[in-house]
Amino acid sequence: MAPPVFYYDQASAYAWLAAERIDGVLPEAEWRPIFLPGLMKINGRTSWFLGDEREARMAEIEERAARYGLPPVRWPQAWPQAPANLGRAATVAANAGRAAQFAVPAFRAYYVEGLDPSAPEQLERFFSGAGMDPGAALEAAAGQDVKDQLRAATDEAHAAGVLGVPAVVTGGQAFWGDDRLEEAAAAARA
């Protein structure tokens, strides 16, 4: 059977919560970055961050982070300025087998440090920290093949029934939400 797939986008605070825990709950999961704005468009959805439930969701995320033993959330001032570039960079890291090593520091930069993880100097920092050549990785992230891969991964997630991130797909079932990791792990082991 194929390993579970962990779909994420660095712009999702819920995906950050899952990324911090998934190795302890579902270590065999394959990390696969997608482009959340594209998935939301396909699904006809908009971000909760732009709606009436924003304050309640932010408080929920802060509470979950504290319960999981994570650092306090430092909400960024703005969305990543180049979210597609961040997704492409994450794709390059995943292609190199360094998805988690890139993604976790990028999540922390965004939700713990309050920085824009899509800024070129941040991308260089994440690539370097993941043991990759930053210049070569940035060059690869600008290539059409990586853009196509990110789009294909987003389409694949949609076809698998993923409505948002984080999500784990295992055994033909999609488990959406950081609070469903244990359920996804149980399904993967069944």
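Since this is a predicted model, take the numbers as computed values, not measurements.
Within 6.0 Å of CZ in Arg125 there are more than 12 heavy atoms belonging to other residues, nucleotides or ligands. When the shell of 6.0 Å around CD of Glu63 is examined, it contains more than 12 heavy atoms from other residues, nucleotides or ligands.
Transitive grouping of hydrophobic side chains (ILVMFWY, heavy atoms separated by less than 4.5 Å) keeps Val73 and Leu115 in distinct clusters. The hydrophobic clustering, which links ILVMFWY residues whose side-chain heavy atoms are closer than 4.5 Å, places Leu163 and Ile42 apart. Hydrophobic clustering places Met58 together with Val112 (ILVMFWY residues linked when any side-chain heavy atoms are closer than 4.5 Å, directly or through intermediates). Two different hydrophobic clusters hold Leu150 and Val162 under the rule that ILVMFWY side chains link at heavy-atom gaps under 4.5 Å. Both Leu138 and Leu86 belong to a single network of hydrophobic side chains, linked directly or stepwise wherever heavy atoms of I, L, V, M, F, W or Y lie under 4.5 Å apart.
Inspection of the Glu60 and Tyr14 side chains reveals an N or O donor paired with an N or O acceptor under 3.5 Å.
Scanning all heavy atoms of the two residues, the minimum distance from Pro166 to Ala15 falls at CD-N, 3.4 Å. Scanning all heavy atoms of the two residues, the minimum distance from Val104 to Ala19 falls at CG2-O, 4.1 Å. Residues Leu123 and Pro117 come closest through the heavy atom pair CD2-O, 3.4 Å. Residues Thr154 and Gly38 approach most closely at CG2-C, 4.1 Å, considering heavy atoms. Counting all heavy atoms, side chain and backbone alike, Ala153 lies closest to Ile34 at O-CG2, 3.6 Å. Contact record, Ala99 with Trp31: CB-CB, 3.6 Å, taken as the closest heavy-atom pair.
Inter-residue side-chain proximity for Pro83 and Asp9 is flagged as unmet; no heavy-atom pair is nearer than 4.5 Å. Between Ile22 and Tyr8 there is no side-chain heavy-atom pair separated by less than 4.5 Å.
Summarising the geometry, atom CD1 belonging to Ile61 is positioned 7.0 Å from atom OH belonging to Tyr111; distances are rounded to the nearest 0.5 Å. Rounding to the nearest 0.5 angstrom, the gap separating the CZ atom in Phe126 from the CD atom in Glu121 is 9.5 Å. Within the model, atoms CZ of Arg88 and CD of Gln144 stand 8.0 Å from one another, a figure rounded to the nearest 0.5 Å. Atom CZ of Arg180 is separated from atom CD of Gln173 by 8.0 Å, given to the nearest 0.5 angstrom. Here CG of Leu39 is found 10.0 Å from OH of Tyr7. Values are rounded to the nearest 0.5 Å. Annotation: the span from Thr91 atom OG1 to Phe102 atom CZ amounts to 9.0 Å, rounded to 0.5 Å.
Of the candidates Arg67, Arg21, Arg64, Asp179 forms a salt bridge (Lys or Arg N to Asp or Glu O under 4.0 Å) with just one, namely Arg64.
Side-chain atoms of Arg98 come within 3.5 Å of backbone atoms of Ala130 as a donor-acceptor pair (strictly under, hydrogens ignored). No donor-acceptor distance shorter than 3.5 angstrom exists from the side chain of Glu182 to the backbone of Val25, with no hydrogens or angles considered.
Qualifying side-chain contact (heavy atoms from CB on, under 4.5 Å) partners for Asp133, counting only residues two or more places apart in sequence or in other chains: Ala136.
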Trace of the side-chain contact (heavy atoms from CB on, under 4.5 Å) decision for Leu26 with Phe6: CA-CA 9 Å; Leu26 197 58; Phe6 170 53; over 6 Å; no
